[in-house]
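Okay, so here's the structure we're looking at.
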Amino acid sequence: MSTYSDLNRDQKEAVLKTEGPVMILAGAGSGKTRTLVTRISYLIEKKRISPFQVLALTFSNKAAREMRERVSTEISVDVGALKITTFHAFCANILRSEATHLGLGRNFTIYDDSESKSIIKTLLKKRGISTKTISPYEVRAFIEYLKNLGHYRGRSGKLDYEVDEKDYFYPFFEEYEDELSRANALDFGGLITGVIQLFETFPEVLRMYQQRFKYVLIDEYQDTNRAQFTLMSLLCGQHRNICVVGDEDQSIYSWRGADIRNILEFEKVYPDVQILKLEQNYRSSKNIIEAASFVIARNTQRKGKKMWTNNEHGEVLEIIECPDDRKEAEFMSETICSLKKQKKIKYKEMAVFYRTNSQSRVIEDYLRSYKIPYRIVGGIKFYERKEIKDLLSYLRLVINSKDSLALSRIINVPARGIGAVTMRKLEQEAENKGCSLWEIVDDIVDNLGNYSHIKLSAKVKSSLREFCLLINDVKVMNQEKVIPSTIFEKILCESNYLTSLKANKDPESLIRVENLEEMKNGIKQFEEGLSHPTLAGYLESITLDTTVEDEDSGEGLRDLTSGEVSLMTVHGAKGLEYPYVFLGGAEEDLFPSFQSLSTGGTAIEEERRLFYVAMTRAMERLYITFARGRMIHGQIRFNGPSRFIHEIPEDYYKWQIIQKDQRQYDKKQEVWDDFEFSQENHYDYD
DNA sequence: CACCGTTAAGTTTTT
DNA sequence: CTTAACGGTG
């Protein structure tokens, strides 16, 4: 890399301003990643900063991977020392090395959302509270809320948020934290707050990291929560070489704790910040950019950017009014086919976006019947499947025997005759002795005599013995650094998990067997390229990065040169771009969602940002479809087109009506012209 | 202890 | 229309 001539003036500035706080407001398609990558290589090659001192934090592994790859093709120096990683992986890393400071074992387990929910459920149950009196969901939300703020138990000093320790829910937060530390576990939020606690409690540790990371860069800054902001402030407190890159108009994760104030009020914390705007869009046609700009301009929570492009005007957008969701899917399929046939557009250049996952079903049905190859991006989660979680629990227990959640999950899977009654006895004993479930189980097997007060049948005893034997065997294997795939194999066979699955002849079990096969492939893949793969390393890699390699769908439908049409939620589409985009279900109560409308306030602005994100993914053509009537929860609902459609000036679109019928939407009057028409008469076509 | 029927509820999901 | 969760029975 010797020249920056391919960058525009603003981008160059963003590269060159390396000292002090910098905020780059990078609009959609403004060449953000390219700018960041160039900035990193400028730091290293021109300013002779050691790669060891540069830290780039992203949210997704995908983003981290992409940046790492692009940096490594860009610069020739050793990139190995360069830290480009996710917030969570970064924190997990620090905590593993500094674990002892916090009284944590370095082999701690990381619980995902569903696991922390289980913890809360058992917690409530233990207290004899029905889930109807207090919903575990609410408790979880409360705990998550605290962690998103950066709160940890006993945090003191000047807090920039308020915590009411007399809050009805607060004791649950404390009990939950106790439960996690007993299990030597952390949840995702705890990874961040754990590092905050570490830094605030041990200034010398903080100083060490401050000295190491002299240049810090944060991508997708609009999605940071309070805790991440605090972490960043601590880390950059000395040198203040902090560069954040984001777009307030693409902040779509506030329900996950993202705090848009982090970006809107950055100047308050860093008055000397240099704010740079990347406003030239290289992705989309003029029509698309301008139409999207009109929509987003309605938001008040903005710093204000004026996106522009040198690209052609291109075609106007198309608004397609369909009688129902099936005709909408049919329109998409028809259009995709004709684009492919007549304009030789490849499938992989087309994408369908929707607000909710449930919308994909009808679309999939039609795509299949039109023999259009497609792939769902971010649909079913591989690692959330029962059989995968079961085997992961075995592996976890081996690594961290205090992980009682993992133990309870698998002690009777496959069925060994160790049921709820036995488990209650064991849990009681563990509680009395103040030790973990595993210790009790392990001890009972060795020293039965000490447990005469616990009545266990002979069958249960022998089951426990067998289970213990297996786990202890595997623990030894792990200590002897046997590779993960061999350990996996052993558990799969000797736990009888595979045998009992195969005994079931139903197709469900067959799929499970295949999934386990795939899991093994995943482990093998992990081992490749590592000289000393460990089980702990494997677990870390998959809890913090659940992306699964694209499998080849050998269904015969796949067209290698043309690829597949991509289907995803609008959330899933962030950061991506496609020449041809279909945005389905642009209806009131769906997009914007019913919930956001009833929440009121600024919730609608986030929906608008979401709509804006969807629009700005499109490079050449954008089709926005809506259905007059849609099946929702088994009932046909008539919601009318999304308000966001009306926010696009009329010169920017062509309004097309599919299958005229009696119930037409009159966009001039914004009312249905026939309200009395009965649903039944309406929906028996074919 | 496992299975089946009933009931209730229903966004988005980077880690 | 789905799906998850609970409570009753065999």
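Every heavy atom of this structure was used, including side-chain atoms; hydrogens, water molecules and symmetry mates were not. Residue numbering restarts at 1 for every chain, and letters A, B, ... go by the order of the sequence lines. Fair warning: this is a prediction, and the values are worked out from it, not measured in the lab.
Nucleic acid contact class of A:Ala63 (heavy atoms, under 4.0 Å, all strands): none. Within 4.0 Å (heavy atoms only), A:Asp545 reaches no atom of the nucleic acid at all. The residue A:Leu57 sits apart from the nucleic acid: no heavy atom pair falls under 4.0 Å.
In this structure, A:Phe142 has its ring center no closer than 6.0 Å to that of A:Phe173.
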All N/O pairs under 3.5 Å across the protein-nucleotides 6-13 of chain B interface:
from, atom 1, to, atom 2, distance (Å)
B:dG10, N3, A:His633, ND1, 3.3
B:dT12, OP1, A:Asn357, N, 3.1
B:dT12, O4', A:Arg355, NH2, 3.1
B:dT12, O2, A:Arg355, NH2, 2.4
B:dT13, OP1, A:Thr569, OG1, 2.4
B:dT13, OP2, A:Asn357, ND2, 3.0
B:dT13, O2, A:Arg256, NE, 2.6
B:dT13, O2, A:Arg256, NH2, 2.8

Nucleotides 2-10 of chain C: which of its N/O atoms have a protein N/O under 3.5 Å away?
from, atom 1, to, atom 2, distance (Å)
C:dT2, OP1, A:Arg361, NH1, 3.3

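Nucleotides C:dA4 and B:dT13 place their P atoms 16 Å apart, quoted to the nearest Å. Only the C1' atoms considered, C:dA5 is 23 Å distant from B:dT12, to the nearest whole Å.
In this structure, A:Asp247 atom CG and B:dT14 atom P are separated by 20 Å, rounded to whole Å. Atom NZ in A:Lys574 sits roughly 7 Å away from atom C1' in B:dT14 (whole-Å rounding).
Partners of A:Leu576 by side chain to side chain contact (heavy atoms under 4.5 Å, CB included), not counting sequence neighbours, listed by chain and number: A:Lys62, A:Met568, A:Tyr578. Not a single side chain to side chain contact (heavy atoms under 4.5 Å, CB included) links A:Thr122 to another residue, sequence neighbours left out. Judged as a side chain to side chain contact (heavy atoms under 4.5 Å, CB included), and not counting sequence neighbours, the contacts of A:Glu98 are A:Ile94, A:His101, A:Leu198, A:Val205, A:Met208, A:Tyr209. In this view, A:Leu539 and A:Leu392, A:Leu395, A:Arg396, A:Ile399 satisfy the side chain to side chain contact (heavy atoms under 4.5 Å, CB included) rule, not counting sequence neighbours.
For residues 535-545 of chain A, the set of pairs meeting the side-chain hydrogen bond (donor to acceptor under 3.5 Å, both in side chains) definition, not counting sequence neighbours, comprises A:Asn61-A:Asp545, A:Arg65-A:Asp545, A:Arg96-A:Glu540, A:Asp545-A:Thr547. Listed by first and then second residue, the side-chain hydrogen bond (donor to acceptor under 3.5 Å, both in side chains) pairs that reach into residues 136-148 of chain A are A:Ser116-A:Arg140, A:Arg140-A:Glu144, A:Lys147-A:Glu177, A:Lys147-A:Asp187, A:Asn148-A:Asn225, sequence neighbours excluded. Every pair passing salt bridge (Lys or Arg N to Asp or Glu O under 4.0 Å) that includes a residue from residues 591-612 of chain A is listed here, sequence neighbours excluded: A:Arg355-A:Glu607, A:Glu606-A:Arg609, A:Arg608-A:Glu647.
Comparing A:Ala89 and A:Ala415 along DNA chain B, the residue whose closest nucleotide (by nearest heavy atom) sits nearer the 5' end is A:Ala415.
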